[in-house]
Amino acid sequence: MPIERVDPELVEFDVRTDEMLINMGPQHPSTHGVLRLVLRTDGEVVSDVVPHIGYLHRCAEKIGEKLSPRQWIPYTDRMDYLAGMNMNLGWAMAIEKLLSLEIPDRARHLRVMVCELNRIASHLVATGTYGLDLGSFTPFLYCFREREKILNLFEEVCGARLTYSFITPGGVMADLSPGWLDRCEQFLGEFEEVIPELHTVLTSNEIFIRRTGGIGVLSPEMAINYGCSGPVLRGSGVKRDLRRDGEARVTRMYEDYEFEVIAEHEGRYPQDRDDYPAVPPEAVLGDCWHRFYVRMIECVQSIRLIRQAIEKYRQCDGPLGEPIKMTQKLPKGEAYLETEAPKGQMGFLVVGDGTAVPWRVRARSSSFCNLSVAREICRGFLLADIPAIIGSLDIVMGEIDR
């Protein structure tokens with residue numbers, strides 16, 4: 001019996017290979033330090049991802065139950081070590097909430113200034129290393145050049161370039177040095193001229209768009225269900241920022257400041273301007289490109305906030321507040337407070353028992369929740385897409401595995 005000839009163009013072959021388990025990490029740059037991802041793959045397609053995070057545990061929370069709140073400040077620096085000022089702020093405000101302590105306006109404006117500078121520095125690391133993840137070295141050099149200028153300013157403020165211990169319960173550790181505000185304004189002007197260059201080498205770069213557009217799409221519903229926050233949440237179109245939407249103690253810090261919460265709405269970002277690159281047609285709301293773009297525009301908003309803080313600080317007289325004493329007794333009770341750190345909501349819980357040392361200390365990490373969604377948004381993509389997806393989450397392992 002003759003065999004009927006079949007047109008090969010009409011036949012689909014399911015070419016399957018043996019499933020493999022592959023360890024991605026821990027190594028730089030594509031797994032951001034000590035993160036290990038166990039990938040289940042069918043050829044080049046990833047069917048499952050399991051993050052393993054147990055390589056950096058410092059027992060920070062238990063140590064916090066053996067030290068006074070002021071003594072524990074250096075440990076917060078080492079959580080998100082790229083945003084030490086913001087970590088200091090979260091812990092300081094949680095202690096101030098427990099003590100029902102208010103700080104002077106002058107200290108408040110100074111806190112806004114240094115925290116927004118640190119937000120820019122953190123986003124610059126996220127942007128530069130993201131370029132490295134995708135094989136581009138030039139953005140890394142541009143970003144770290146600008147970040148070094150911020151670290152120079154921080155070194156003048158507190159003598160440190162990475163772990164600051166500057167913001168403390170009750171206020172700040174020191175006033176600004178003469179001429180610091182002028183040097184800060186000079187940096188802001190220089191940085192504004194660099195932002196279009198970063199848009200050129202990354203945001204509008206066709207290769208970058210192809211590597212990030214439509215990749216690792218995180219729906220708003222999934223982002224909320226997994227507890228995502230910060231640029232990861234806002235990159236999915238959810239307009240939530242604790243500087244505007246947090247509890248009263250947090251929003252009071254920014255109550256007389258003007259700024260926009262960056263999230264796309266009806267295809268547009270707040271205050272779309274001619275110097276903002278347009279959203280490319282390949283990008284899908286919630287993908288890697290949008291998470292990256294949110295951080296870029298947030299840098300512009302931070303510049304706006306810093307300039308307002310400088311003006312308010314110059315017009316403000318009075319004290320900077322006084323750090324609480326090492327022997328300050330904590331009332332019986334508990335306080336939990338979340339602040340808007342560069343990577344998202346950072347929460348601290350402190351339980352007092354009437355002594356100078358907390359009975360319980362706990363931290364709620366934004367990076368931990370943001371990483372937890374990796375399994376969902378990596379599934380079905382190629383091996384080469386995994387560094388792009390993980391890099392877009394901008395995680396820091398010191399904050400995750402505390």
Side-chain angles (χ1 to χ4, degrees), residues 82-86 106 108-131 138-162 164 166-167 172 174-205 231 241 243 253-254 256-262 269-278 292-316 340 342:
L82 300 174
M85 292 291 187
N86 302 85
R106 194 154 169 256
R108 175 170 69 94
H109 299 316
L110 179 51
R111 284 181 174 187
V112 171
M113 217 182 302
V114 295
C115 285
E116 293 305 320
L117 273 172
N118 213 167
R119 191 180 310 277
I120 294 175
S122 177
H123 286 348
L124 283 172
V125 175
T127 301
T129 55
Y130 199 36
T138 300
F140 178 80
L141 298 177
Y142 285 10
C143 290
F144 269 65
R145 178 190 62 196
E146 300 308 308
R147 177 174 177 261
E148 283 296 303
K149 298 175 185 178
I150 297 176
L151 300 191
N152 290 338
L153 292 170
F154 284 163
E155 189 174 13
E156 282 191 58
V157 167
C158 62
R161 299 179 68 83
L162 187 70
Y164 309 111
F166 178 67
I167 298 175
V172 294
D175 201 352
L176 300 174
S177 57
W180 190 93
L181 294 176
D182 295 330
R183 288 186 285 277
C184 183
E185 287 180 317
Q186 180 182 350
F187 160 74
L188 297 179
E190 293 172 355
F191 180 53
E192 279 183 318
E193 296 178 1
V194 174
I195 293 176
E197 296 178 2
L198 292 175
H199 283 313
T200 300
V201 296
L202 280 179
T203 314
S204 304
N205 184 294
D241 188 314
R243 293 173 292 178
M253 184 172 167
Y254 289 88
D256 49 353
Y257 286 83
E258 295 181 1
F259 68 101
E260 292 279 351
V261 176
I262 304 302
Y269 278 91
Q271 288 191 342
D272 272 359
R273 302 188 320 209
D274 293 339
D275 55 345
Y276 287 179
F292 161 82
Y293 193 50
V294 164
R295 296 185 184 97
M296 288 292 294
I297 306 181
E298 283 189 357
C299 287
V300 178
Q301 293 299 314
S302 290
I303 292 173
R304 182 181 176 192
L305 282 166
I306 294 165
R307 285 193 167 127
Q308 293 176 64
I310 290 173
E311 186 64 28
K312 294 177 188 299
Y313 184 84
R314 280 175 167 153
Q315 297 175 358
C316 199
E340 187 69 35

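Note that CD of Glu258 is 10.0 Å distant from CG of Leu305, once rounded to the nearest 0.5 Å. Atom NZ of Lys149 is separated from atom CZ of Phe144 by 14.5 Å, given to the nearest 0.5 angstrom. Going from atom OH of Tyr269 over to atom CD1 of Ile262 covers 9.0 Å, rounded to the nearest 0.5 Å.
In terms of heavy atoms, Leu176 sits closest to Tyr313 at CD1-CE2, 3.8 Å. Considering all non-hydrogen atoms of both residues, Leu198 and Pro139 come closest at CD2-O, 4.4 Å. A pairwise comparison of heavy atoms in Cys299 and Phe191 identifies CB-CE2, 4.1 Å as the closest pair. Across all their heavy atoms, Pro342 and Pro231 have their closest contact at O-CD, 3.3 Å. Leu124 and Arg147 get closest at one heavy-atom pair: CD1-N, 3.7 Å. When all heavy atoms are compared, the tightest approach of Pro178 to Arg183 is O-NH2, 3.0 Å.
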Q: Start with the C-alpha distance between Arg295 and Glu298, add both sets of side-chain angles, then the distance that settles salt bridge (Lys or Arg N to Asp or Glu O under 4.0 Å), and finish with yes or no.
A: CA-CA 5 Å; Arg295 296 185 184 97; Glu298 283 189 357; over 6 Å; no

Q.
Show, in sequence, the C-alpha distance, side-chain angles and deciding distance for Arg314 and Ile310, and conclude whether the side chain to side chain contact (heavy atoms under 4.5 Å, CB included) test is met.
A. CA-CA 6 Å; Arg314 280 175 167 153; Ile310 290 173; 3.6 Å; yes

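With hydrogens and angles ignored, the 3.5 Å screen pairs no side-chain donor or acceptor of Arg119 with any backbone N or O of Asn86. Distance alone, capped at 3.5 Å, is enough to place a donor-acceptor pair between the Gln308 side chain and the Arg304 backbone. Judged by distance alone, the side chain of Ser122 and the main-chain N or O of Asn118 form no donor-acceptor pair under 3.5 Å. Side-chain N or O atoms of Lys312 include one that pairs as donor or acceptor with a backbone N or O of Asp256 at under 3.5 Å. Between the side chain of Tyr164 and the main chain of Val157, no donor-acceptor pair closer than 3.5 Å is present. Glu116 places no side-chain N or O within donor-acceptor distance of the main-chain N or O of Ser302, the cut-off being under 3.5 Å.
Contact of the Arg106 side chain with the Asp175 side chain is registered, since non-hydrogen atoms from C-beta on lie closer than 4.5 Å.
Shown here are the side chain to side chain donor-acceptor pair (under 3.5 Å) partners of Tyr276, two or more places apart in sequence or in another chain: there are none. Residues passing the side chain to side chain contact (heavy atoms under 4.5 Å, CB included) test with Thr200: none are found, sequence neighbours excluded. Partners of Arg307 under the side chain to side chain contact (heavy atoms under 4.5 Å, CB included) rule, at least two apart in sequence or in another chain, are Leu188, Glu192, Ile303.
Relative ring orientation between Tyr130 and Phe292 is described as tilted, the plane-to-plane angle lying within the 30° to 60° band.
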